[in-house]
Amino acid sequence: MTTNTPARRRMALTAAAAVAVAALGAACTDDGAAQRSRPPAVQGTERPPAGQTDERGTDDPFVLRGATVMRTPTTSVREDLYVADGVLVEPTRDEHTVVDASGTYAVPLTVESAVSRRPVSQRNIHDLVPGNRATFALVRRPVSEVQVRTMLVIDPADLAAVYVSGHLEALDGRPTRPAGADLTDPAAAQTWVGTWVDPARDVEQHLLADGRYSETRSGRADAYTGRYWVRDDRITYLDDSGFWAFGELLDGTLHHAGLVMNRPDLSLGSAEPG
């Protein structure tokens, strides 16, 4: 028989306290890990996420804090990004919604084939500097110059956010609106919906009216399939296989990841007569 002496009771209480402290420490550690994995946080709860249109139909100015900013594909700095009316602006004391982007990388959505077709004076329009449109991705890992210039592909787990002209297109690896919502506008549907062809690479990209796409490559149908969203002259893709990618429409030509695509009738019209 064990005697429940005062000394034994003190030993039991001490052991129980040690277990409780250890459990509390583990909980704090788990919470810290969860905080590090969360998407960019908007300070305050009365407004929608920065860049997402509110009930008034307007977008509040916002400032992105804590990110490493790739001003160009070769230049990275630690600075705040101020956005107003869809454009990057100089730092200001005006009221801005604050977005905590600590630990992320702000990456310009450069489409190199489109850049090369612009006049030299316009080839810096994708740089993340005041005066340019606020179009960039927030990524949870470093991104190389080669990745920015050739084919920026981002896993949903690595994507904190995407902004196009200051509008929030994706948050925490997920789209902010249903596919096809943009295409209810007849002008947008006329601009984007249809088949785009790159004969040099034997690729056809079919942009459907419901916001889905399918690519035919070297005669193989549905080589890639997924959803897409459009705003202004930019297109954002989320492939069914699990990656985000980006493109740009310039002078009727769709540029995406090395592809230079036109409507089939334009491609035929540009061919030399036989």
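Side-chain atoms are counted along with the backbone in the values below, which use heavy atoms only and exclude waters and symmetry mates. On a predicted model such as this, the values are computed, not experimentally measured, just so you know.
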Do [Y] and [X] meet the salt-bridge criterion of a basic N to acidic O distance under 4.0 Å?
{"X": "R65", "Y": "D100", "answer": "no"}
{"X": "D240", "Y": "R212", "answer": "yes"}
{"X": "E169", "Y": "R177", "answer": "yes"}
{"X": "R140", "Y": "D155", "answer": "no"}

Using modelled atom types only, decide if a donor and an acceptor are shared between the side chain of [X] and the backbone of [Y] within a distance under 3.5 Å.
{"X": "Q122", "Y": "P119", "result": "no"}
{"X": "N132", "Y": "N124", "result": "yes"}
{"X": "T75", "Y": "R71", "result": "no"}
{"X": "R234", "Y": "G247", "result": "yes"}
{"X": "D158", "Y": "V139", "result": "no"}
{"X": "T216", "Y": "G219", "result": "no"}
{"X": "D182", "Y": "V230", "result": "yes"}

Indicate the atoms forming the closest heavy-atom contact of [X] with [Y], along with that distance.
{"X": "A67", "Y": "A106", "value": "CB-N, 4.4 Å"}
{"X": "P264", "Y": "V197", "value": "CG-CG2, 3.7 Å"}
{"X": "A160", "Y": "T104", "value": "CB-CG2, 4.2 Å"}
{"X": "S116", "Y": "R123", "value": "O-NH2, 3.1 Å"}
{"X": "L238", "Y": "P175", "value": "CD2-CD, 4.2 Å"}
{"X": "T68", "Y": "S76", "value": "CG2-CB, 4.1 Å"}

Are [X] and [Y] side-chain neighbours, meaning at least one heavy-atom pair lies under 4.5 Å?
{"X": "Q205", "Y": "L254", "answer": "yes"}
{"X": "V111", "Y": "H256", "answer": "no"}
{"X": "L128", "Y": "T72", "answer": "no"}
{"X": "R201", "Y": "R217", "answer": "no"}
{"X": "L64", "Y": "V83", "answer": "no"}
{"X": "Y224", "Y": "S214", "answer": "no"}
{"X": "F246", "Y": "I154", "answer": "yes"}
{"X": "T236", "Y": "V164", "answer": "yes"}

* **Partners passing ring-ring contact (aromatic ring centres under 6.0 Å, His included) against Y213 (at least two apart in sequence or in another chain)** => Y237
* Structure fact -> Taken in chain and number order and not counting sequence neighbours, the residues that satisfy ring-ring contact (aromatic ring centres under 6.0 Å, His included) with Y228 are none
* Given E215, which of L259, D239, T225 fulfils the side-chain contact (heavy atoms from CB on, under 4.5 Å) condition? -> L259
* Asked: Could you walk me through whether D127 and R133 pass the salt bridge (charged side-chain N to carboxylate O under 4.0 Å, His left out) check?
  -> CA-CA 9 Å; D127 295 349; R133 287 194 293 174; over 6 Å; no
* **Aromatic ring proximity F62/Y163, centre distance under 6.0 Å** => yes
Side-chain heavy atoms under 4.5 angstrom apart, residues restricted to Ile, Leu, Val, Met, Phe, Trp, Tyr: same cluster for [X] and [Y]?
{"X": "V203", "Y": "V193", "answer": "yes"}
{"X": "L171", "Y": "L159", "answer": "no"}
{"X": "V87", "Y": "L81", "answer": "no"}
{"X": "L168", "Y": "W229", "answer": "no"}
{"X": "M70", "Y": "W244", "answer": "yes"}

* Asked: Run the salt bridge (charged side-chain N to carboxylate O under 4.0 Å, His left out) check on D251 and R118 step by step: do they pass?
  -> CA-CA 10 Å; D251 297 332; R118 296 182 183 276; over 6 Å; no
* **Donor-acceptor pair between S165 and D232 side chains, under 3.5 angstrom** => yes
* **Under 3.5 Å side-chain donor-acceptor pair for H126 and E248** => yes
